[in-house]
Each structure stands twice: as C-alpha cells, then as structure tokens.
Amino acid sequence: MEDERLLIKRLTDKNTQNEAFRVLVSRYKKPLYKHLRTLLLDHEDTNDVLQNSFIKVFQNIDKFKGDSKLFSWIFRIATNEALTFLKQKALKKQLSYDELSEFLVEQLQEDDLYSGDEIQILLQKALVRLPEKQQLVFKMKYYEQLDYQTISDILETSVGALKASYHHAVKKIELFLKDH
C-alpha cells in the first residue's frame, strides 16, 4: 500500500494527480461508503454524497495541510457533506431534521439493500432521537469502531468531549431500548 505522504505528493502533482486519485478512491471508497451509509441510511443518497465527497477532496487536496491523517481529513469532508445533504433534504421535504431522520428510518425497513433485523431498526429509532453530535460519535464508535483520537480528528472535538457524548448517547439508547 502506498505511503500516505507519497500519495499526497502525487495528488498535488498535476502529472500524477489522476492516477493518484484513482488510488485514493480505491483505498477509501468502501470505508467512506460504510461511514456515509450509517449517517444517511439510504443507498442512493449515500452514493450521491460519496461522489460529491470525492469531488471535494479532489478540488481541495492542495489545501490539505497535513495537520491530521489524510483519512481523517477525507472523513471530515464526507461527514460535512452528509450533514449538509440531510439538512437540504429536510428543507426540500419541508421537514425538521428530526422528522427527516425518523422518515429515513421508516424507509430503511423497506430498503432491499438493508440487512438489519428488528433490533437494528430499533437501534436506528433510538439513534434518531439523539442530538446530532451524539449520533455522530456513537455511529463512528459503534459501527465503524474508530478510536476516540480518530473521531476527534474528524469532528475537530476534544477526546474528553467525545467520551462524554458517547457515554450520554449509550445511556439514552439504553433507556429507549428498555422502554420499547
């Protein structure tokens, strides 16, 4: 696997940029899809946001400062794209962000590409009731098993704040599951 520094160098060189971008897409497509799918729930929306995220990465690679890992920077872009997409979708449907989230969970049950069982649907229903930051932290920790430092780099939040958000999220989910 290509060293990250070399990949960044190749991405910023006009002569090697296109081939390096293919390497980047190949390397990050699956984990980014998985990440975006947990946020967006819908397969088609996920593919759209994934494509837009890679376009933003390509357009802005020269602005990557190396303060974090390339992985974290790309995931930050994708996360922001997903959140923006959800807010725009809510506006188009004339729903609040929370109403849209509940609508997406209901649609998820009918999605042929979703393989979760009733417990997973119940977990999704619990998640949409959490504040946005708690949802993000929980999904990154639980579904993607990212460590707190990586999540901190992606969300640009302190590790301590993330641990507190995750703890609160878990407690709220436990309460929801007990009641249902």
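Just so it is clear, the values below take in all heavy atoms, side chains as well, and ignore hydrogens, waters and symmetry mates. In this chain, numbering begins with 1 at the start of the sequence shown. Owing to the predicted nature of the structure, the values given are computational and were not obtained by experimental measurement.
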Rounded to the nearest 0.5 Å, what's the gap from CZ on Arg129 to CD on Gln134? Could you check?
14.5 Å
Check whether any side-chain heavy atom of Leu136 sits under 4.5 Å from a side-chain heavy atom of Ile154, and report yes or no.
no
Does one hydrophobic cluster hold both Leu175 and Tyr142, with members joined at side-chain heavy-atom distances below 4.5 Å?
no
Does Asp67 reach the side chain of Trp73, with side-chain heavy atoms less than 4.5 Å apart?
no
Can you tell me how far the CG atom of Asp42 sits from the CG atom of Leu86, to the nearest 0.5 Å?
10.0 Å
Taking the side chain as C-beta and beyond, is there a heavy-atom pair between Phe58 and Gln17 under 4.5 Å?
yes
Between Tyr97 and Lys87 the two heavy atoms that sit nearest each other are CD1-CG, 4.1 Å
Do Met140 and Thr79 have side chains that get closer than 4.5 Å, going by heavy atoms?
yes
Work out which heavy atom in Gln135 is nearest to a heavy atom in Leu127; give both atom names and the distance.
CG-O, 3.0 Å
Where is the tightest heavy-atom contact between Leu130 and Ala169, given as atom of each residue plus distance?
CD1-CB, 3.8 Å
Donor-acceptor pair, distance only, cut-off 3.5 Å: does the side chain of Glu81 make one with the backbone of Asn52?
no
In terms of heavy-atom contacts, Ser165 and Lys133 come closest through OG-CG, 4.0 Å
Say whether, by atom type as modelled, one donor and one acceptor occur between the side chain of Thr12 and the main chain of Ile8 under 3.5 angstrom.
yes
Side chains of Val57 and Phe64: closer than 4.5 Å at any heavy-atom pair?
no
Parallel, tilted or perpendicular, as decided by the 30° and 60° cut-offs, for the rings of Tyr148 and Tyr166:
perpendicular
Apply side-chain contact (heavy atoms from CB on, under 4.5 Å) to Ile74 and Leu24, showing your working.
CA-CA 10 Å; Ile74 292 170; Leu24 180 132; 3.7 Å; yes
Supply the atom-to-atom distance Ser68 OG to Asp153 CG, rounded to the nearest 0.5 angstrom.
5.5 Å
Distance col, row Leu40:CG vs Asp45:CG, nearest 0.5 angstrom, shows 6.0 Å
Kindly check if the number of other-residue, nucleotide or ligand heavy atoms within 6.0 Å of NZ (Lys172) is above 12?
yes
Between the CD atom in Glu144 and the NZ atom in Lys139, the distance rounded to the nearest 0.5 Å is 10.0 Å
Grab the two heavy atoms, one from Phe54 and one from Phe21, that are nearest each other, plus how far apart they are.
O-CZ, 3.2 Å
Leu91 with Val49, same ILVMFWY side-chain cluster at under 4.5 Å
no
Interatomic distance, Tyr143 atom OH to Leu39 atom CG [nearest 0.5 angstrom]
11.0 Å
Could you check whether Gln51 and Asn47, counting side-chain N and O atoms only, form a donor-acceptor pair closer than 3.5 Å?
no
Residue pair Leu7 / Arg27, side-chain heavy-atom distance below 4.5 Å
yes
Hey, what's the ring geometry for His35 with Phe75, parallel, tilted or perpendicular (30° and 60° as the breaks)?
tilted
Is the closest side-chain heavy-atom distance between Glu174 and Lys171 below 4.5 Å?
yes
Is there a side-chain contact between Thr38 and Phe138 in this structure, where contact means two heavy atoms from C-beta onward sitting under 4.5 Å apart?
no
Is it true that Glu156 and Arg76 have a side-chain N and a carboxylate O under 4.0 angstrom from each other?
yes
Step-by-step side-chain contact (heavy atoms from CB on, under 4.5 Å) determination, Phe176 to Ile173:
CA-CA 5 Å; Phe176 179 86; Ile173 290 167; 5.6 Å; no
Strictly distance-based, threshold 3.5 Å: is any side-chain N or O of Thr157 a donor or acceptor partner for the main-chain N or O of Ser152?
no
Do other residues, nucleotides or ligands put more than 12 heavy atoms under 6.0 Å from Lys163 NZ?
no
Do Asp13 side-chain atoms and Lys9 backbone N/O form a donor-acceptor pair below 3.5 Å?
no
Between the main-chain N or O of Thr150 and the side-chain N or O of Asp147, is there a donor-acceptor pair closer than 3.5 Å?
yes
Report whether Ile55 and Leu50 are members of the same hydrophobic cluster (ILVMFWY, side-chain heavy atoms less than 4.5 Å apart, transitive linking).
no
Please give me the minimum heavy-atom distance between Lys141 and Ile151, naming the atom from each residue.
N-CD1, 4.0 Å
